[in-house]
S.K.: 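For reference, the structure I am asking about is given below.
Numbers for residues simply follow the sequence, beginning at 1.
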Amino acid sequence: RSIALTNEVDGLPHLSIVPVDGRAPIAIDLGDVVPTDLAWRPPLGGDLLIRGVKKVTDKGRLFQTIDFYLVRADGTGLRALGLPSHERFGLQWDNSGPAWSLDGSTIAYNVVEEAAVPQGGHFRVHLVNADGSGELKLTRGRQPIWSPDGQKITFTSKRENWAEIYVMNADGSGLRNLTR
């Protein structure tokens, strides 16, 4: 019934909900959260998951954090999931690539974790419950996508100097390389 999108206003991304029936777009006020990625919560698109940047002051120092936020389609009920932000590769990479499970109970996403390599980190697929609880680290990789039946997750991973495609069960077991 609606499309969520970001558009720039005065050089900053803002969230709008655009009804597909031709009614006027609804501007959603996210306060000091700047949206970067959006995903409707299945099965019927109730809540909207937003990957957002927020400026935070701590002990007089200003810095930015990345988190996932849920907001209702009418713009009410904005709440952060409270996920840690590591920012090893910069804000554009950490806590990125969110993908909802088909029943809307779980989110798969990318985290950049520290690693003893020259680049200083690698991507890891994580799962978290829709309320931000129960974070589960799965395997090295990024760009998680749920299978149509919700039983498996596919992702890419650079393990031997080139990116390969893998699939695993939704609990992280049964890892299989699909490109060999």
Side-chain angles (χ1 to χ4, degrees), residues 1-6 13 15-20 26 28-54 65-89 91-113 122-157 164-178:
R1 292 182 233 160
S2 298
I3 298 169
L5 58 90
T6 59
L15 174 63
S16 295
I17 306 295
V18 182
V20 296
I26 303 163
I28 305 296
D29 182 4
L30 298 174
D32 55 358
V33 176
V34 177
T36 61
D37 296 342
L38 310 169
W40 286 109
R41 184 177 186 173
L44 299 176
D47 288 339
L48 184 62
L49 178 70
I50 300 164
R51 178 181 180 267
V53 177
K54 185 175 182 179
T65 62
I66 281 286
D67 200 351
F68 291 127
Y69 298 83
L70 291 175
V71 65
R72 293 184 196 101
D74 64 2
T76 62
L78 181 68
R79 58 206 180 277
L81 295 189
L83 302 176
S85 179
H86 306 288
E87 301 173 33
R88 288 187 179 84
F89 289 170
L91 288 174
Q92 69 271 29
W93 299 108
D94 201 24
N95 293 351
S96 61
W100 282 104
S101 62
L102 298 181
D103 65 1
S105 66
T106 308
I107 304 160
Y109 64 102
N110 308 316
V111 170
V112 178
E113 292 190 336
H122 61 254
F123 288 99
R124 180 171 295 277
V125 175
H126 281 219
L127 297 180
V128 68
N129 295 327
D131 65 1
S133 68
E135 184 179 23
L136 178 64
K137 298 177 185 182
L138 296 182
T139 188
R140 266 185 30 209
R142 62 183 243 168
Q143 299 171 320
I145 299 171
W146 294 86
S147 64
D149 65 3
Q151 300 300 306
K152 299 193 181 296
I153 299 171
T154 187
F155 59 95
T156 61
S157 184
E164 297 178 323
I165 300 170
Y166 289 82
V167 66
M168 66 184 160
N169 295 325
D171 65 2
S173 67
L175 182 65
R176 195 165 49 106
N177 187 330
L178 298 178

S.K.: Any side-chain heavy atom of Pro35 sitting closer than 4.5 Å to one from Leu30?
M.R.: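 Side-chain contact under 4.5 Å: yes.
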
S.K.: List the atom of Thr76, the atom of Asp74, and the distance in Å for their closest heavy-atom pair.
M.R.: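 That closest heavy-atom pairing would be OG1-OD1, 2.6 Å.
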
S.K.: Considering all heavy atoms of both residues, which atom of Ala80 and which atom of Asp67 are nearest to each other, and what is their separation?
M.R.: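 Shortest heavy-atom contact: CB-OD2, 3.6 Å.
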
S.K.: Rounded to the nearest 0.5 Å, what separation is found between the CG atom of Asp171 and the CD atom of Gln151?
M.R.: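 Asp171 atom CG to Gln151 atom CD measures 9.5 Å (nearest 0.5 Å).
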
S.K.: Should Pro42 and Leu102 count as side-chain neighbours, where that means a heavy-atom distance under 4.5 Å?
M.R.: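 When only atoms from C-beta onward are counted, Leu102 and Pro42 do not touch, as no gap falls below 4.5 Å.
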
S.K.: With rounding to the nearest 0.5 angstrom, report the CG to CD1 distance, Leu38 to Ile17.
M.R.: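 One finds 8.0 Å between CG of Leu38 and CD1 of Ile17.
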
S.K.: What distance do Lys137 atom NZ and Leu127 atom CG have between them, rounded to the nearest 0.5 Å?
M.R.: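 Rounded to the nearest 0.5 Å, the NZ-CG separation comes out at 13.0 Å.
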
S.K.: Quick one: CD1 on Ile107 to CH2 on Trp100, what's the gap to the nearest 0.5 Å?
M.R.: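 Taking CD1 in Ile107 and CH2 in Trp100, the distance rounds to 4.0 Å.
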
S.K.: Are the side chains of Val111 and Leu83 in contact, using a 4.5 Å heavy-atom criterion?
M.R.: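 SC-SC contact between Leu83 and Val111 ruled out.
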
S.K.: Take a 6.0 Å sphere around CD1 of Ile165 and say whether it holds more than 12 heavy atoms from other residues, nucleotides or ligands.
M.R.: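 No - once you tally the heavy atoms of other residues, nucleotides and ligands closer than 6.0 Å, there are 12 at most.
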
S.K.: Would the distance check show the side chain of Asn129 and the main-chain N or O of Asp131 forming a donor-acceptor pair, the cut-off being under 3.5 Å?
M.R.: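 No.
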
S.K.: With under 30° as parallel and over 60° as perpendicular, where do the rings of Tyr166 and Phe155 fit, or are they tilted in between?
M.R.: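 Tyr166 vs Phe155 ring planes: parallel.
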
S.K.: With a 6.0 Å cut-off (strictly less than), is the heavy-atom count around CZ of Arg79, excluding the residue itself, greater than 12?
M.R.: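 Counting other residues, nucleotides and ligands, CZ of Arg79 exceeds 12 neighbours.
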
S.K.: Do you know the tightest heavy-atom contact between Val33 and Gly52?
M.R.: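 Where Val33 meets Gly52 most closely, the heavy atoms are CG1-CA, 3.9 Å.
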
S.K.: Looking only at heavy atoms, what is the nearest atom pair of Ile28 and Ala73, with distance?
M.R.: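 The answer is CD1-O, 4.0 Å.
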
S.K.: Are the side chains of Arg124 and Leu138 in touch, meaning some heavy atoms are under 4.5 Å apart?
M.R.: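 Contact flag for Arg124/Leu138 side chains = no.
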
S.K.: Can you confirm whether Asp37 sits close enough to Ile50 that some side-chain heavy atom of one is under 4.5 Å from a side-chain heavy atom of the other?
M.R.: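 A side-chain contact under 4.5 Å is absent here.
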
S.K.: Which heavy atom in Asp29 sits nearest to a heavy atom in Gly31, and how many Å separate them?
M.R.: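 It is OD1-N, 2.8 Å.
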
S.K.: Taking the side chain as every heavy atom from C-beta outward, state whether Asp47 and Arg72 have any atom pair closer than 4.5 Å.
M.R.: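 Heavy-atom side-chain distance check passes, below 4.5 Å.
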
S.K.: Quick check for you: to the nearest 0.5 Å, what is the distance between Met168 atom CE and Lys152 atom NZ?
M.R.: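 Answer for the CE-NZ pair, Met168 versus Lys152, is 10.5 Å.
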
S.K.: Atom OG1 of Thr139 and atom CG of Leu175: how far apart are they, to the nearest 0.5 Å?
M.R.: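 Here the interatomic distance stands at 5.0 Å.
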
S.K.: Identify which one of Thr6, Val53, Asn95 satisfies the side chain to side chain contact (heavy atoms under 4.5 Å, CB included) criterion when paired with Thr36.
M.R.: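 The residue from Thr6, Val53, Asn95 that satisfies side chain to side chain contact (heavy atoms under 4.5 Å, CB included) with Thr36 turns out to be Val53.
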
S.K.: Side chain to side chain contact (heavy atoms under 4.5 Å, CB included) for Ile153 and Ile145? Distances and angles first, verdict last.
M.R.: CA-CA 5 Å; Ile153 299 171; Ile145 299 171; 6.0 Å; no

S.K.: Indicate the atoms forming the closest heavy-atom contact of Ser2 with Pro19, along with that distance.
M.R.: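 Nearest pair, atom of Ser2 first, then Pro19: OG-CA, 3.8 Å.
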
S.K.: With no hydrogens and no angle check, is any side-chain donor or acceptor of Arg41 less than 3.5 Å from a backbone partner on Gly104?
M.R.: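 Pair found, side chain donor or acceptor close to backbone of Gly104.
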
S.K.: Could you check if a side-chain atom of Thr106 sits within less than 4.5 angstrom of a side-chain atom of Leu136, using non-hydrogen atoms only?
M.R.: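 Of all side-chain heavy-atom pairs linking Leu136 with Thr106, none is under 4.5 Å.
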
S.K.: Are any non-hydrogen side-chain atoms of Arg51 and Ile66 less than 4.5 angstrom apart?
M.R.: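 In short, these two side chains touch, coming nearer than 4.5 Å.
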
